[in-house]
Structures are given as structure tokens and as C-alpha cells.
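Chain letters run A, B, ... following the sequence lines, proteins first and then strands; every chain starts at 1. Everything quoted here is computed from the prediction, not taken from an experiment.
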2 protein chains.
Amino acid sequence: MAVTMHDVAQRAGVSIKTVSNVVNGYPYIRAETRQRVQSAIEDLGYRVNMSARNLRTRRTGLITLAVPELSLPYFAELADSVISAADTAGWTVLIEQTSASRERETDVLSGRRRHLTDGLIFSPLALGPDDIALFTVDFPIVILGERVFGAPADHVTMNNVAAAKAATLHLASLGRRRIALIGAHAGEQVGSAALRTAGYLEGLAEAGLPHDPALIGEAGLWHRSTGAEAMRRMLDDGTEIDAVFALNDALALGALHALHAHGIDVPGQVALIGFDDVDDAKYSVPALSSVDPGRDQIARTAVELLLERIGATGDPAPFRRVVPDSRIVGRESTGDVAQGQEGRLVSVQEGGIETVEVASG
Amino acid sequence: MAVTMHDVAQRAGVSIKTVSNVVNGYPYIRAETRQRVQSAIEDLGYRVNMSARNLRTRRTGLITLAVPELSLPYFAELADSVISAADTAGWTVLIEQTSASRERETDVLSGRRRHLTDGLIFSPLALGPDDIALFTVDFPIVILGERVFGAPADHVTMNNVAAAKAATLHLASLGRRRIALIGAHAGEQVGSAALRTAGYLEGLAEAGLPHDPALIGEAGLWHRSTGAEAMRRMLDDGTEIDAVFALNDALALGALHALHAHGIDVPGQVALIGFDDVDDAKYSVPALSSVDPGRDQIARTAVELLLERIGATGDPAPFRRVVPDSRIVGRESTGDVAQGQEGRLVSVQEGGIETVEVASG
DNA sequence: TTGTATGCGTTATCAG
DNA sequence: CTGATAACGCATACAA
């Protein structure tokens, strides 16, 4: 049925080994031999059987990217970047959606949902610091996000606290004094929500603004709908505000919708800034200011770290934590630029590479 | 190193075949034997080697989804749906981004970018009717979209003409008479742009409105930026309009941005409707009316058709073309609902299953 | 520079 | 119900 190396070898009048050599670009082959093999391949329409190669080499050329869901623009764009970065290096990406469910995230680690890939880039949302033990597995992992620190794996994250503080200070610098927060997770000590909220509080303190609990809007899932709801609640409560820091752009766009529905002018009455700098931010009305966490750099770094570890041969290197630079991009929603203009850089938080020594597997 | 069936068999004191039987849920095994094998598996932490199984069974459990890019919300949401549908059936999805480049789309078909998957769901954007020959391959394909008809493959599409006509008529029903189109591809006879433009023209005709070329806005790529540009050009030209039909939501959101920048009220002065009904549509300001092409149904159907064909044993079934129902969802941008309300169904175009008989491979 | 032989870990065939 | 054994298609040590 399917044509194999054998068939090619026979047709070209060489051994199977020579065909293999040609296919794999082994350099020491007589030009004429290579030519003969090539045409035999053409004629027969031969294509390498990846399953056989994978079995033999113990490697698949596939990596898994596990994210909550692709409908969330941040993760869609992240996936885009990861796939592109992997592609450049000759690797292919298989995507698992966890729906931020504990069970599915556990499955990803246990391998029940990691069919035949050589490594995993994992952005957990349900698992937390208590689950570090689950990360001790026999394949390379790169962790994304801020839910799990200290696991035996490389980690690409962002400087949430510093960036959130900068966003808050940016609003304060516009003269705003009643800065609301949308997207808080009450009681959580870990994760993006906690860190960004901490940055917000630091920012308030540094600006000499009091902390008013009425200005904290809860939103469990960071979707547009929950952002709109949280904003609506706060407005319905009659809470006085003149600025909003939404913990991500989806929330911000939802909040924007609610503000508009209440007839509130942005940025005239209320200034608004989000977090993630997704593509949508540029095209909302008004265009949304945001924190650019360096998504592309995150993706490239994650792929790089993972492939490095997959290809590692000798003594395991210590695990690394990398924090790309983040930027505050000012647009219309904070009155930083006029309509139709590009956003402009308002400030930069420098990250860097931090190597955390851990006994690595 | 890695533990194999052999090790398990040895530990359980049975043959390797029995282990295989247990792993694959073969029913006729003594309970006691099964138990012994199960615990051996547990003890040793055995996990099936997928590469070996794939080699043996000639199947990988993987399918490829090839789309232009995940940053485009429509494709991100489509990917989400496809992955979910595949997951339900126990299959995993590998995503290829083609950037709508001819070369990469060809690669997808040639298999150069189809590593070890059992089938392909392909949404081409660069290939066209002249490339049908490329679709004659030795693995199952399901084609999405409207660029390639008549290829030897199953096809899930949408009733573009009817839906676009309905969208246009909807604008006309609001009393609008200068209905602009954003996203046209001049000279193209095939693809979504051509079909939706045809529907627009039919709609104008049925509404008794004249066709004014000045109302046609070109936009090669359907991004927010190009939509904004096209809209801006038209406004700068001083073309009089009171409604806009954007050929997809990204264009519509870009156009919305440009309208807003020009101080034009939507829907007061200009009514706006998009196409795709992506998630963003609900949360723009004002919320965007759109055509819901039945994305989820498209994804489910595509996976279903593909798996059916992959699992097909005997005589090849004739190729089918499926057209899910599409709906017009009226929101604020056409004044169909008040702020903060859900969109409402304005009309439905019924699709259905059409079986096209083609000599199938 | 090229050929031979072996094994990667499974599943399938066929006895028993 | 279970066991021995032969593929599956490729890569690679080892020869030549």
C-alpha cells in the first residue's frame, strides 16, 4: 500500500540505508547516487513515515501548548506566537484547552492529555502553589503565568506587580484620585489577580491616594461579560470613580461597554487602562490603553527554553525564570493620544533572566 | 529507561499480549489477571508508547487544522470549537498557521506541513478554484470556506449570498438607502468577498436601491486596521452614507473605530452590521449587529465528516457539502436593541446537507 | 561512500 | 482466556 524506504531503495538500486541518508541530508553521498534516490522518491511519491521515525528516534517533533481556551484573545495571540516560534525552529504545536478546569489541567501533566509530544508549555489557571508536586514529571515543561512558582521547571512570567503599579501611577499622573480596580479575586494570595492587585495598592500608596474597598470590583473569570458586570455593579452602587484599572483587556473592554451604557465619557469622566495589550485594544472606541506584557517575547522565550531542555543531553541545567520587559502603552482611553493615532510608550518595566537553582530532573 | 509492556508483563507474570489486551480494554480477560496487570502498570508507572502504537495501527489520533492565523478572532473561535469537538470524540488537534500564503497552503496539502496526522480540516485563503488538483491526496480532507468548490473532499461552507443579502435587506428595512460595503475584493470571482458582495447587490436590487460604486470599499486583508482604513477613505472622500455592511466583524470593528473618529454616531447617523458574529461583537460600543454563520455547527460538522471518512472502511462514500444555518443577530449598531440588552434574532437562512457525488478516493 | 542486520514498543495472527 | 512470534517502517552500529 504505502510506499516505504524499501521500495525506494529497490527502485534506485541502492540499499535502504542510502535512502535514509538521502532523506536525512547526510552529506557524504555521491551526487549521482543522491540524484537516483531523489528521482525514485519523486516517482514513487515516497513520504517518510513519521510514526516509524518517532518510534526509532524517541522523539516526535511535537510540543503541547496547554491554555485555558483559544476564544480568549490573549491566549489566541499567545498560541499564534508560540506556533510561529516553534515553526521557525522546525517544530509543531498541539493545543490542549483546559477550560481552566482542575481536572483537565491535572490530566495535561499526568500525560493523559499529552499524547505524543516531547514537551509542554503550560499556562495553568486552576492549579496553584499546592500542586507543585504534580509538576514532577519525566518530560520537559515550561510554565507560563503566575499561579505556580517554585515548580521544577523553567518559567516565563511577567513583572506583574511592577507593571500594575506603573499602570496605577499612570492613572494617578493624569490627576485621577478615585481609581477603581476591576477583576480582583478576593482572598487569593497567588496568581495574576493577587499580584496585580498588590501592584495597584503599591501604586495608590506611592501616589498618596487612600485605599477604598468600594473601588475594588470582583470578577472571577476575566471575560468581557464579567468585566461589564463588575463595572455595572460599581456604577449602580453609585461609587464615585474617575479612573479604572482593569486587570486584563477583556475586562477592560467589558467595563468600557458598561461605562458607555451608563453614558459616561471615557476618558473625559473616567480614564481606563487594561492589561495584556491584545489586538482589540487598538480598535476599541476609544482605543484602550494597556500594559503590554511582552507576549511575543514570552512565547519565543518559552519555546526556546523548552527546545533547549528537550535537546539537552548531559547534566541537567538549573531551572530558569525569565521575565520579559513590559510596557505601558497609552492610547485614547487615558487621553494619551488623539483619536486615530497610534498608542505611545508611557513607561517600561525591565525584566530579565533570573536563574533559579533547583535540583533538575 | 522507559518502562514497556515487556516490563509490565514480566512483573505481572503474564505475556505481553495479555498486557496489551488489558490496556486496550479487551473484554475476555479473567478478572484476577486483569487486576494483576493493572497493579503492575500502576507500580511501574507504565504508559503506552504512542509512537509504537501509531506505527503498528497506522493511525495517530491526530488531525490537523490549517487556518490563516489564530490572532484573527474568527479563526481562534473556530479552532476552539474544532478542538472541543475533536476532544469529545477522543481526538487531538494540531494547528498549522498558513498566514494565507500560497506556499504554506500548498505545503499543508503536500504533507510537508502535515506531520503525522490522520486527516486535515483546511480553511484555505490563498488557494483557489484553479488549485483543485492539489486536493487530490491520500488522506481525508474537509474543506472550509468558499475559495475551493468541487475538490474531491467533503466541504462545510455557509450560505454567503443569502446571508449577505439578508444583512443588506436588514439595513434597508431600517430605511437606510446609502448602504456602503467594506471589504470588497475587486475583480475576484471566487471566495467570501465575491459571494457576500453578490448577496449585497442582490439585496440592494430587491430593496429597489441603486448600486453606487462609490459605496464599495476595498480591503484586501480583513483586519480591523484595513476596515478602519477603508472606512476612513470613504469618509474622507465625502461619500454620503447612512449604513455600512462590513464583510466581516474585524472590518466592522475597524470601520466603527473610523466612524467614531469622524464623530459619526452609530446607529444614529450610520447603521452598521458585520459578519461572523465573533465574541467581540457583543462588547463593542455600540454592540455590533452581525451575521452568525453557525461557527460551532461548522466545527462540529467538519470534525464529524472528517472522522467518519478516516474511519471509513469499505467503498468510499460520495463527497458531501454541508451548509449550516446562519442567523442575523441584531444589536445596538443597527438599533435593534437598547444598550445592555442581548442581541436578537432578526432572520435565519436555512442551510442543509447537500451531497455532491464525486468519484471519491 | 554504501550495505547488512538489529531493535524501537506495539498490535495482530494464530495456536493452544 | 492466554502465549509465542511476526510484522509495522525507520535509524543506526558495525562492516565493507
Check this one for me: any side-chain N or O of [X] less than 4.0 Å away from OP1 or OP2 of [N]?
X: T33(A); N: dT2(C); result: yes
X: R34(A); N: dT1(C); result: no
X: S20(A); N: dA11(D); result: yes
X: T4(A); N: dG9(D); result: no
X: S15(A); N: dT4(C); result: no
X: T57(B); N: dT11(C); result: no

Please report, rounded to the nearest Å, how far the [atom2] atom of [N] is from the [atom1] atom of [X].
X: M5(B); N: dA12(C); atom1: CE; atom2: P; value: 10 Å
X: K17(B); N: dA4(D); atom1: NZ; atom2: C1'; value: 12 Å
X: N21(A); N: dT4(C); atom1: CG; atom2: P; value: 14 Å
X: H6(A); N: dA7(D); atom1: NE2; atom2: P; value: 13 Å
X: Q35(A); N: dT1(C); atom1: CD; atom2: P; value: 17 Å
X: R36(B); N: dC1(D); atom1: CZ; atom2: P; value: 15 Å
X: N24(A); N: dT2(C); atom1: CG; atom2: P; value: 15 Å
X: I16(B); N: dT11(C); atom1: CD1; atom2: P; value: 9 Å

### Query
Side chains of T60(A) and D118(A): is there a donor and an acceptor less than 3.5 Å apart?
yes

### Query
Taking it one step at a time, do D296(B) and S81(B) satisfy side chain to side chain donor-acceptor pair (under 3.5 Å)?
CA-CA 6 Å; D296(B) 217 62; S81(B) 298; 2.9 Å; yes

### Message
Donor-acceptor check, side chain of R321(A) to backbone of T355(A), threshold 3.5 angstrom: yes or no?
### Response
no

### Minimum-distance nucleotide (side-chain atoms of R30(B) versus dG3(C), dC1(D), dC8(C))
dC1(D)

## Note on the structure
Testing dT10(C), dC1(D), dC10(D) for proximity to the side chain of A52(B), the answer is dT10(C)

### Message
Check this for me: does the side-chain of R56(B) come within 3.5 Å of the base of dA12(C) through a donor and an acceptor?
### Response
no

#### Entry: No-H, no-angle donor-acceptor pair, R53(B) side chain to dT10(C) base, under 3.5 Å
no

## Note on the structure
Per nearest nucleotide of DNA chain D, the residue lying toward the 5' end, I29(B) or L55(B), is I29(B)

### Query
If you find the nucleotide of DNA chain D closest to Y26(B) and the one closest to V23(A), which residue's nucleotide is nearer the 5' end?
Y26(B)

### Message
Below 30° counts as parallel, above 60° as perpendicular, anything between as tilted: where do the rings of F122(B) and F135(B) land?
### Response
parallel

### Message
Is it the case that over 12 heavy atoms from other parts of the model lie below 6.0 angstrom from the CD atom of Q38(A)?
### Response
yes

